[in-house]
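In this chain, numbering begins with 1 at the start of the sequence shown. Side chains included, hydrogens not; waters and symmetry mates left out as well; all remaining heavy atoms used. First listed ligand is number 1; within each ligand, the first listed atom is number 1.
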Amino acid sequence: MSDNYEPQAEHKFTFGLWTVGNIGRDPFGSPVRRQLSPVEIVHLLAEVGAYGVNFHDNDLVPIDATPADRDQIVADFRAALEDTGLVVPMATTNLFGDPAFKDGAFTSNDHKVRAYALQKTMQAIDLGVELGAKTYVFWGGREGTETDASKDPADGLRRFREALNFLCEYVIDQGYDLVFALEAKPNEPRGDIFLPTTGAMLGFIETLDQSNMVGVNPEVAHEYMAGLNFVHAVAQAWEAGKLFHIDLNDQAFGRYDQDFRFGAVNLKSAFFLVKFLEDVGYGGNRHFDAHAYRSEDYEGVKDFARGCMRTYLILKEKSLQWNEDPEIKALLEEINADDGSTDAFKGPYSADKVAALKDAKFDRVALGARGLPYERLDQLTIELLLGLR
Ligand code: GLT
Ligand code: MN
Ligand code: MN
């Protein structure tokens, strides 16, 4: 396919080793695809036109690798990056797969597990930085409970804070050029995961010692699992200067953690997300944290990966078209019309403004009677998305 929707480096489209490398294992069935090596995954991503590849420590280096194995794996991976031109913009730690983390990593009740989690994360940070990562993601998949008899949630938060404070100092001490991005998810694999939404993460970040180096990595599907509006979560993060990374995928509301191809389910929401990111000029990575249907072979995995990027670029074009559409523009002008009669009340607080505002006369009935043409606006949006404009 060669058209306007070819991915380019400037789009910063990235995939995790665990995404296109997903072998289709689920709680009910065995793998349906052969495990590719990290080198093979890098070549697959290069073939479909991705810009970068991200990884968990153990996606690249198995948890039981010897130091010599590690060096060989890293050398081979680095050679594949050089061959293909792919970069590593983000890295993270697997703090959920090993049985040691069955009751959490940083929030485990067992201090030995918490100490091990810190050690593992420092080693994984070293590995990520060695390969060029500038963003370090924390997804606390096991940081939670099935029963609140097991753990005081306030202790959980205190332990999580202590770990992040420690790791921020570690990064500063090493002189690494690295920021942290916290990723929320409401549940799965735990019954409840602490800090279940992006909004909760944003509140928590402000309690950290080095809050300036910590932002969020919102994931579409995770906010949908909580029944929330993803664009609103992203807007809050952006407005707070905390949108350090983003995980794009899709998901039907109320279902299990589906991690579908970007735009596969909620197309209108995907459109408003792309429009938001492009309108504000988000300059970070666009990471697809998703995987192909279990029905696919590796040709289907490539279709999946190409589809994520292609849909993003089509929606980007649609968002430019939306911004330029004369009828949409006219409606927006009408909606946001301002006759200037309340200009005196704009801006910061002052005693004069208070006095003037208290004296002002408002026609409450007329305010309530004004029709707002949002139906027309939304229908125009739908028709634009359906290719009729
Ligand atoms: C895991 C999870 C993702 C996280 C990854 C980072 S791992 O696949 O479902 O949402 O972003 O740890
Ligand atoms: Mn997910
Ligand atoms: Mn994710």
Open item on the list: Using the rule side-chain contact (heavy atoms from CB on, under 4.5 Å), only one of E6, E47, R261 pairs with R306; which is it?
Closed with: E47
Open item on the list: Is the shortest side-chain heavy-atom distance between V220 and V234 below 4.5 Å?
Closed with: no
Task: Metal proximity, D247 vs the Mn ion (ligand 2), N/O/S cut-off 2.8 Å - done: no
Task: Shortest non-hydrogen contact between V32 and R294, atoms and distance - done: CG2-O, 3.1 Å
- [ ] May I ask you to check whether E219 brings an N, O or S atom to under 2.8 Å from the Mn ion (ligand 3)?
- [x] yes
- [ ] Have a look at the Mn ion (ligand 3) and estimate, to 10 degrees, the angle subtended by OD2 (D289) and OE2 (E183).
- [x] 160°
TODO: Answer side chain, backbone, both or neither: which part of D247 comes under 4.0 Å from ligand 1, heavy atoms only.
DONE: side chain
Task: Ligand-side contact atoms (ligand 1) for residue partner E183, heavy atom cut-off under 4.0 Å - done: 3 (C), 4 (C), 10 (O), 11 (O)
- [ ] Could you tell me if the ring centre of F15 sits under 6.0 Å from that of F288?
- [x] yes
- [ ] Examine W139 against ligand 1 and note whether any of their N/O atoms are separated by less than 3.5 Å.
- [x] no
Open item on the list: Do L273 and E278 have side chains that approach each other closer than 4.5 Å (heavy atoms only, starting at C-beta)?
Closed with: no
- [ ] Return yes or no for this condition: an N or O of H56 is under 3.5 Å from an N or O of ligand 1.
- [x] yes
Task: Closest D259 atom to the Mn ion (ligand 2) [N, O or S only] - done: OD1
TODO: Give yes if a backbone or side-chain nitrogen or oxygen of N217 is under 3.5 Å from a nitrogen or oxygen of ligand 1, and no if not.
DONE: no
TODO: Assess the side chains of S341 and D339: does a donor N or O sit below 3.5 Å from an acceptor N or O?
DONE: yes
- [ ] Verify ring pair (Phe, Tyr, Trp, His ring centres under 6.0 Å) between W238 and H232, making sure each step is shown before the conclusion.
- [x] CA-CA 10 Å; W238 175 261; H232 292 195; over 10 Å; no
Task: Subset of ligand 1 atoms that lie under 4.0 Å from at least one heavy atom of H222 - done: 10 (O)
